Amino acid sequence: MTQQNQQVTDLFIIGGGINGCGIARDAAGRGLSVMLAEMNDLASATSSASTKLFHGGLRYLEYFEFRLVREALIERETLLRAMPHISWPMRFVLPYHKDMRFDSETPTSRLLGTVMPWMKGRRPAWLIRLGLFLYDHLGGRKILPGTSALDLSTATEGAPLQDRFQTAYEYSDCWIEDSRLVVLNARDAEARGAQIMTRTEVLSAKRVDDLWEITLSDKRSDETRTVRAKMLINAGGPWVGDIIQTKIHMNSREGVRLVRGSHIVTPRLFDHEKCYFFQGEDGRIIFAIPYERDFTLIGTTDQDHADPSEPPVCTEAEQDYLCAFASRYFKSPVTRDQIVWTYSGVRPLYDDGASSATAATRDYTLKVNAVGGAPVLNVFGGKITTYRRLAESALEKVAEHFPDLPGPWTAGVALPGGDFPVDGVEKLIGQIQAEFTFLDRGWAERLVRAYGTEVRNILGDAKTTSDLGEDFGATLFARELDWLMTREYARTAEDVVWRRNKLGLRLTPEQIARIQAWMDQKLA
């Protein structure tokens, strides 16, 4: 039986990825009533499968996407201040050699091919340096250091690389714990009045008397209910087109291009905390990034992905491609038998008619349709670095239908646990270790990097590990697991060990099964 809710909410958001949760937070903070439905777990698709970087997108300069790059560069430091626990500065090492090539389809390569045809698609050092100069100055950088040159024959960063690489450029970008970013936005939205519903599928939405009537199915109880809203926001990510066609039943000229990005994780390949930016002879780039203390993350690929209902996986061909790409740089070849984990996500890019997946724009496009009654805002594209600005842009569209809406407020406002100085992580780790003497350095760092100042709320009055309840392994205890269930929407072991943290890299299948059993018992 379908239950009818007579209350009318201002905004109903479909999709619990970074765009949906970012919009929910911004809207709730401006006083709008907000409901958000996510059919699975928060960040269960694209938003937990990124390359984990807040970056301007150095290579987007070759596509002349200056506005996107500038906006992203400005956002890096705005976001760092708001979430110093889950985001931090990282230096990127870009080795140079004369055989580096453009993607032949970039505007820059076409221009250079016309002006300097003897270059034959090569990427000259002066062009890279020009790009890095622009990268340093487009975004009004204040916190992050600028570009410098490295002599790889003497620098530590040159030791893992083949001897043919003698020179490198080093520049700044930032790391981000992507799926935690989504959860913290959802929590802050809820604290400001939003209703966050996970495992809740939108079955249909139709316009009735200038309102949206949305039918929902709770995937845990199989109950259906109907709610009403003044405006609908489709932030369905890879499903944005499917929602337009099959849930809202709307005609739209706007399209989405699904591009799969795959990553591999290996044991640690080098002994420093900087990231490598590798340029291929096919014009593409990949990163090799220090990951979870003991691992290296390598990615990403760009492959068209036909169907959002088809779960993305890192194919054997993509694994081979990433291993071969990295092996052209590292002295020791990277092989498939080193891979300990792979993951893959589908980027829902705005279909701008680009000839290749790599060339498709990473910018976002927001389209409002108010023909026939209550308005709907469809969100296409976007990148994790600009999610907050996307939310502000979405609220500009919303404000056209909600007079007297307050203005932007989220810049620099801390997410839960992020209320400490941008350079205060080491100090906070020390304080937490002093207050909870049973924590070793690695454990304290993991907790602070996940929860920031909220570590104290989680550990409470604990004096020893025995106060934390059952030990599931890899420093995960029942008290933290209870927090993840009661405060962070976790319902399965997968939610916990692959999205709220990455302890799945360290836990056995038996330990993960025990986590699931404990959670099932608590839910029952």
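Predicted model only: the values in this text are computed from it and were never measured.
- Judged purely by distance below 3.5 Å, without hydrogens or angles, the side chains of Thr453 and Asp419 pair a donor atom with an acceptor atom.
- Residues meeting the side-chain hydrogen bond (donor to acceptor under 3.5 Å, both in side chains) test with Arg449, sequence neighbours left out: none.
- The line from CG of Leu232 to CG of Leu211 is 12.0 Å long, rounded to the nearest 0.5 Å.
- Between Tyr291 and Trp341, the ring planes lie parallel to each other; the angle is under 30°, not in the 30° to 60° tilted range.
- For the 3.5 Å distance criterion, the side chains of Tyr451 and Asn457 fail to qualify, holding no donor opposite an acceptor.
- Under 4.0 Å is where a charged nitrogen must lie from a carboxylate oxygen, and between Arg76 and Asp173 at least one such pair does.
- A salt bridge is absent between Arg487 and Asp482; no separation between the charged side-chain nitrogens and carboxylate oxygens falls under 4.0 Å.
- The list of salt bridge (Lys or Arg N to Asp or Glu O under 4.0 Å) pairs with a residue in residues 77-90, not counting sequence neighbours, is empty.
- By the neighbour-count criterion of 12 heavy atoms within 6.0 Å, atom CG of Asp209 is sparsely surrounded, having that number or fewer from other residues, nucleotides or ligands.
- In this structure, the side chains of Leu481 and Met519 come closer than 4.5 Å at one or more pairs of heavy atoms.
- A salt bridge is absent between Glu177 and Arg500: the closest approach of a Lys/Arg side-chain nitrogen to an acidic carboxylate oxygen does not fall below 4.0 angstrom.
- Ion pairing of Arg499 with Asp495 is present here, as a side-chain N (NZ or NE/NH1/NH2) and a carboxylate O approach within less than 4.0 Å.
- Ion pairing of Arg389 with Glu392 is present here, as a side-chain N (NZ or NE/NH1/NH2) and a carboxylate O approach within less than 4.0 Å.
- Shown here is Lys219, whose NZ atom has more than 12 heavy atoms of other residues, nucleotides or ligands within 6.0 Å.
- With hydrogens and angles left out, the side-chain atoms of Glu71 and Tyr364 include a donor and acceptor closer than 3.5 Å.
- Here Arg479 pairs with Asp461 in a salt bridge; the nearest charged N to carboxylate O distance falls below 4.0 Å.
- Salt-bridge formation is detected for the pair Glu470/Arg514: a Lys NZ or Arg NE/NH1/NH2 atom is positioned less than 4.0 Å from an Asp or Glu carboxylate oxygen.
- Surrounding CZ of Arg491 are more than 12 heavy atoms belonging to other residues, nucleotides or ligands, all under 6.0 Å away.
- Residues passing the salt bridge (charged side-chain N to carboxylate O under 4.0 Å, His left out) test with Lys247, sequence neighbours excluded: Glu201.
- For Asp218 and Arg199, the salt-bridge test fails: no basic side-chain N is under 4.0 Å from an acidic carboxylate O.
- Take Tyr489 and apply the ring-ring contact (aromatic ring centres under 6.0 Å, His included) test, not counting sequence neighbours, and it matches no residue.
- Nearest heavy atom pair, residue Thr385 against residue Leu79, reads O-CD1, 3.3 Å.
- Checked by atom type, the side-chain pair Ser344/Ser262 shows a donor-acceptor distance below 3.5 Å.
- Ionic pairing of Arg293 and Glu445 is not present here: no N-O contact between side-chain nitrogen and carboxylate oxygen is shorter than 4.0 angstrom.
- Applying the side chain to side chain donor-acceptor pair (under 3.5 Å) rule to pairs touching residues 402-415 yields Asp26-Trp409, Arg388-Thr410, sequence neighbours excluded.
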Check: residues 411-418 side-chain donor-acceptor pairs under 3.5 Å, at least two apart:
none

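- Ion pairing between a basic and an acidic side chain is recognised when a charged N comes within 4.0 Å of a carboxylate O; Glu318 and Arg260 show such pairing.
- Aromatic ring centres of Phe477 and Trp443: separated by under 6.0 Å.
- Between Tyr343 and His263, the ring planes are parallel. Angles under 30° get that label, and only those over 60° would be called perpendicular.
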